[in-house]
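So you know, we letter chains A, B, ... as the sequences are listed, proteins then strands, and number each from 1.
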Protein chains: 2
Amino acid sequence: MNEVRETLSKLVRLEEEEWLVLASCLHEESLPKKSPLLKEGEICTFIAFVSTGAFRYYFLKDGIEKVTSFFFSKDFVSDYSSFLSEKPSMHYIESISTSVVYKLYKKDLMLLYDKYKNIEKLGRLIAENLFLSVDKRLNAFLYLSPEERYKELMNRNPNLSQQVPQYMIASYLGVEPETISRIRKRNS
Amino acid sequence: MNEVRETLSKLVRLEEEEWLVLASCLHEESLPKKSPLLKEGEICTFIAFVSTGAFRYYFLKDGIEKVTSFFFSKDFVSDYSSFLSEKPSMHYIESISTSVVYKLYKKDLMLLYDKYKNIEKLGRLIAENLFLSVDKRLNAFLYLSPEERYKELMNRNPNLSQQVPQYMIASYLGVEPETISRIRKRNS
DNA sequence: GCTTTTTCTTGATTTGAGTCAACGAATTTT
DNA sequence: AAAATTCGTTGACTCAAATCAAGAAAAAGC
């Protein structure tokens, strides 16, 4: 729980009371490997802080899993689009390994937003950060070739291939596993 | 100026005082056709409300203009990434037609955020909305073929081709102008 | 109006990634 | 440890979009 506080404190300085009431809204949940946190068709009603473990965020296109994101320790995992719009999610979120998360439900968060100015601010900062990360990812698709995307991803996250299988990385980069294989061969 | 208020009022209910102080921070600016609002290398210090006119948001890749977005009347135009991160922009923002905007500078906005809870909330809602739109666009690249992207864009914005030349639409969809030409031929 | 420039279309060719398929390598299961 | 399943590599082939190039059409300028 303290990791949550630490992570949040990098964004905003919360009053003691604000933290306590926020903490009282956090629900701990443990998941074994390959457990669903969210399924297609559900409305995502939570933001979850990843304490330990890892998650993948994917959707099915013609029965094939397309990975859109990964979430690791200290990340906030959610289908933020579904969370905001309250529309059914098109995605699955599934644990890659044994995981512990702290869930914060939207109905609680909305009350906190209204009551506590610093939590409202926290909400803005979270939204801004998420904007920055989607924007960066969109730019990678607009600006870069698959090979450039792969190199940049590996540069910024050198141990990713130890954490997730290569076919998920391929999917994340919007290419087929064979393409990653060939990129690796070319650059070795 | 009243259009600004109307647009904002759809997001949050501002107190009279909040609106007045916000309005006092808006700077009107008129631009002839093809004028820059932002250039590559500059830090984007503003969010501008488009009163009349249209803008294109692009970057140069090997000297070739790649259009990332369009902004029309009632949109907020900014390099929001640069605005948030305070890093130099990689983009140009240029008027497509004669335009009038109301600029709100970051230094002013930050003070407003601190002082007025509803403006802080407005900031969150703007960030959330921008997140949703980038996320949607990213999904279009992840899920859809160029042809599907084109059809969807035209569906949602039937008069876009009257407002901007086709080569900019091509660029926006991440394809070459010839491809749009061929898609149109196929579907006629 | 005509001229010039910009934008759009069409064809021929190239190319990078996808698809299909087969086969090793590595994990997991029992 | 052996068997089974999953994962990664490689090759042959296909295909959709990029590239190159030449004109046609439309818009802007005079």
_Expressed as a whole number of angstroms, how long is the span from B:Glu65:CD to C:dT7:P?_
9 Å
*What heavy-atom pair brings A:Cys44 and A:Ser78 nearest, and what distance separates the two atoms?*
SG-OG, 3.5 Å
*In the 5'-to-3' direction, what one-character label does each nucleotide of nucleotides 21-30 of chain C receive under the scheme B = base within less than 4.0 Å of a protein heavy atom, S = sugar-phosphate only, - = no such atom?*
B---------
*Is any side-chain N of the basic residue among B:Glu16 and B:Arg5 closer than 4.0 Å to the acidic one's carboxylate O?*
yes
*For DNA chain C, determine which residues of residues 156-175 of chain B have any heavy atom closer than 4.0 angstrom to one of its atoms, and list them numerically.*
B:Pro165, B:Gln166, B:Tyr167
Grab the N/O contacts between the protein and nucleotides 23-26 of chain D below 3.5 Å, and write none if there aren't any.
none

*Just how far is it from atom CG of B:Leu142 to atom CZ of A:Phe141, taken to the nearest 0.5 Å?*
4.5 Å
*d(CZ, A:Phe141; P, D:dA17) in whole Å*: 16 Å
*Specify the separation, in whole Å, of atom CD of B:Glu147 and atom C1' of D:dC15.*
14 Å
*So is A:Arg56 actually on top of A:Tyr172's ring, under 6.0 Å and inside 45° of the axis?*
no
*Between A:Tyr57 and A:His91, what is the ring plane arrangement, given parallel below 30°, perpendicular above 60°, and tilted in between?*
parallel
*Tell me, do B:Met168 and B:Phe70 make a side-chain contact under 4.5 Å, heavy atoms counted?*
yes
*Atom CZ of A:Arg149 to atom C1' of C:dA17: distance rounded to whole Å?*
11 Å
_Which residues pass the salt bridge (charged side-chain N to carboxylate O under 4.0 Å, His left out) test with B:Glu120, not counting sequence neighbours?_
A:Lys117, A:Arg124
Report all interatomic pairs (protein N or O, nucleotide N or O of nucleotides 12-15 of chain C) with separations under 3.5 Å.
residue	atom	partner	partner atom	Å
C:dA12	N6	B:Arg182	NH2	3.4

_C:dG18, OP1 or OP2 - any side-chain N/O from A:Thr179 closer than 4.0 Å?_
yes
*At what distance, to the nearest 0.5 angstrom, does CG of A:Leu22 lie from CG of A:Leu14?*
6.5 Å
_Atom pair distance, as rounded to whole Å: NZ in B:Lys185 and C1' in D:dA17_ = 16 Å
*Using the ring of B:Phe83 (Phe, Tyr or Trp, six-membered ring only), decide whether B:Lys106 places NZ or CZ under 6.0 Å from its centre and within 45 degrees of its axis.*
yes
*Between A:Leu37, A:Val77, A:Val101, which is the residue that forms a side chain to side chain contact (heavy atoms under 4.5 Å, CB included) with A:Phe71?*
A:Val77
*Round to the nearest Å and state the distance from B:Ile180 atom CD1 to D:dA18 atom P.*
9 Å
_To check you understand the geometry: which heavy-atom pair defines the closest contact between B:Glu148 and B:Ser145, and what is its length?_
OE1-N, 2.8 Å
_By the 4.0 Å heavy-atom rule, please label B:Pro146 as base, sugar-phosphate, or nothing._
sugar-phosphate
_Distance, rounded to the nearest Å, where B:Arg184 contributes CZ and C:dT9 contributes C1'_ = 10 Å
_Within this structure, what is the CD1-CZ distance for the pair B:Ile180 and B:Arg149, rounded to the nearest 0.5 Å?_
9.0 Å
*Between A:Ala127 and A:Tyr80, what is the shortest heavy-atom contact and its length?*
CB-OH, 3.5 Å
_Rounded distance (Å) that lies between atom C1' of C:dA17 and atom CG of A:Leu144_ = 16 Å
*Does A:Glu147 have any salt bridge (charged side-chain N to carboxylate O under 4.0 Å, His left out) partners at least two apart in sequence or in another chain, and if so, which?*
A:Lys151, A:Arg186
